[in-house]
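Position 1 is the first residue of the sequence; numbering continues from there.
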Amino acid sequence: MEGEKLTYKNIPYFELLEGVDGLVTELPSDKDILVVCAKEGSSVMVAEMLVEKDVDVFYLEGGMKAWSEHLEPIKLGDLSGKGELYQFVRIGKGCLSYMIISDGEAAIIDSTRMIDKYMKFTEEKEVKIIHAIDTHLHADHISGGRKLAEQTSGSYWLPPRDAEEVTFQYERLEDGSQLTVGSSTIDIKAIYTPGHTIGSTSLIIDDMYLLTGDILFIDSIGRPDLAGKAESWSDNLRDSLYNKYKELSGELIVLPAHFMIMEELNEDGTVAKKLAKLYAENHGLNMDEEAFTRSVTKNLPPQPNAYQQIRETNIGKINPDIEKQREMEIGPNRCAIR
C-alpha cells in the first residue's frame, strides 16, 4: 500500500499477541489509523485491542486480499459522438484495464479476473459488453476477458500468435484489425507490436489514445523474457518501440496495462502521458542498440509469481479455484524493466 499521504509501520502479528501497550505510544494522535493484515481477522483483533486502550482506529475489511482486488474506475475522456473511455486502476497490483462506452455498447481491454466489477459498472451505465480484448497473453495476472465474453455473449479477441495453445474459440486480433463500438463508430485499430510477447498488439482508440499493453509503460518498458525468449524477442521489442511507435503521432496519449510505482500516477489518479513526452523522458526509449539489448536481457528483475501457472490458466489448460487464483497473483506485476 502506497500513497503520498500514507505512512506505515510493519509489526509481526505474534509481537502483539500479549498486548498493544508498547504500540500505543508509537501511534500518532493527529492522523487516521488503519490496521491491515492479509485477510482481515488479525487486524480486527488488533484494532479491538487498540480501542480498549482508547485509540480510535479502523481496520481494512477483507485485508490485503481485498485491497489487491480493488478496481477504481476513472474517466479518461470523451470519444466521438457521446462515447467515453474509462481506466480501471487496480492500485494494489498495478494493473490497468479499460472500458470504451458508446451508444449502449462497451468494449473492455485487458480485463482482470474480477469481472463482477465491470459487470456492475456496465449495469450502472446501461450498456452491453460486445467486445473483450486482451492485448497479449498475460503472465502476471489472470485475464477475465474470456469469461466476460461468455457471460455477455460478446466476442473475445486475442492475438493469434499468443494463442497457439489455447483450448477455446476466440477472435483473431491482428495487425490492421478494426473493431467498432456503438453506432457513433468509435474505432479500435490494432497494431502488431511484438516484444513483450510474440503476439503483443497495441490499440489506437478513436485516433486519440494508444493502448500499449505491456510493451511501453510511463516510466519503463516491457520485458521480453516471460516465455523464455529474451534474446530472440529483444529485437522485436526494440523495433516496436523505436520504429513502429515512432511512426505514430506524438500527440497520442499512452495508456499502458500496468504501472510500477505510484509516481507514475497523475494527480487525478490516472496513468497516462503523451507519446512524445515518453520519447523525451522514458529511459527505455533513449538507449543505443547495444545498451538496449543488454538492459532487456541481462540482470532482469524477478519474474512474476506463478507466471507459468497464470499463462496456463489464460490459455485454458488449467482452471484453478478462486483461492488458488488469488494465491497465484500475490506480489507485484513485474512486467517492466526500469
Atom [atom1] in [X], atom [atom2] in [Y]: separation rounded to 0.5 Å?
| X | Y | atom1 | atom2 | answer |
| --- | --- | --- | --- | --- |
| Arg113 | Ile310 | CZ | CD1 | 9.5 Å |
| Ile108 | Ile100 | CD1 | CD1 | 10.0 Å |
| Leu6 | Lys31 | CG | NZ | 9.0 Å |
| Met208 | Leu76 | CE | CG | 9.5 Å |
| Ile129 | Met119 | CD1 | CE | 5.5 Å |
| Ser295 | Met287 | OG | CE | 3.5 Å |

Answer yes or no: is there a side-chain heavy-atom contact under 4.5 Å between [X] and [Y]?
| X | Y | result |
| --- | --- | --- |
| Phe217 | His258 | yes |
| Leu203 | Lys189 | no |
| Phe259 | Leu96 | yes |
| Thr212 | Leu255 | no |
| Lys128 | Glu123 | no |
| Leu85 | Tyr209 | yes |
| Ile188 | Gln178 | no |
| Leu237 | Phe292 | yes |

Under 3.5 Å donor-acceptor, [X] side chain and [Y] backbone:
| X | Y | value |
| --- | --- | --- |
| Asn266 | Ala272 | yes |
| Asn314 | Leu137 | no |
| Asp103 | Gly182 | no |
| Ser177 | Leu173 | no |
| Ser200 | Thr197 | yes |

* Going hydrophobic residue to hydrophobic residue with side-chain gaps under 4.5 angstrom, can you get from Tyr118 over to Ile91? -> no
* Relative to each other, are the rings of His138 and His141 parallel, tilted or perpendicular (30° and 60° limits)? -> tilted
* Residues forming a side-chain contact (heavy atoms from CB on, under 4.5 Å) with Asn319, sequence neighbours excluded -> none
* With sequence neighbours excluded, what pairs up with Leu17 under the side-chain contact (heavy atoms from CB on, under 4.5 Å) test? -> Tyr13, Phe14, Met45
* Within 45° cone and under 6.0 Å: Arg146 NZ/CZ vs Phe168 ring -> yes
* Under 6.0 Å from the six-membered ring centre of Phe88 and within 45° of its axis: does the NZ or CZ of Lys117 meet both? -> no
* **Pairs flagged by side chain to side chain donor-acceptor pair (under 3.5 Å) wherever residues 43-54 is involved - sequence neighbours left out** => Asp21-Lys53
* Scan residues 235-245 for pairs that pass side chain to side chain donor-acceptor pair (under 3.5 Å), counting only residues two or more places apart or in two chains. => Ser202-Tyr245, Asp239-Asn243
Expected list for residues 149-156: side-chain donor-acceptor pairs under 3.5 angstrom, two or more places apart:
residue : atom : partner : partner atom : Å
Thr152  : OG1  : Leu148  : O            : 2.7
Thr152  : OG1  : Gly154  : N            : 3.4
Tyr156  : OH   : Asp134  : OD2          : 2.6

* Structure fact -> Residue pairs meeting salt bridge (Lys or Arg N to Asp or Glu O under 4.0 Å), one or both in residues 247-264, sequence neighbours left out, come to Glu251-Lys274
* Is it true that Lys273 and Glu281 make a salt bridge, defined as a side-chain N closer than 4.0 Å to a carboxylate O? -> yes
* To do: Identify which one of Asp110, Thr193, Asp214 satisfies the side-chain hydrogen bond (donor to acceptor under 3.5 Å, both in side chains) criterion when paired with His136.
  => Asp214
* **Name of the residue among Arg90, Arg326, Lys93 meeting salt bridge (charged side-chain N to carboxylate O under 4.0 Å, His left out) with Glu69** => Arg326
* Is it true that atom CG of Asp56 has more than 12 heavy atoms of other residues, nucleotides or ligands lying nearer than 6.0 Å? -> no
* Asked: Around Asp321, counting heavy atoms of other residues, nucleotides and ligands shown, do more than 12 lie under 6.0 Å from its CG?
  -> yes
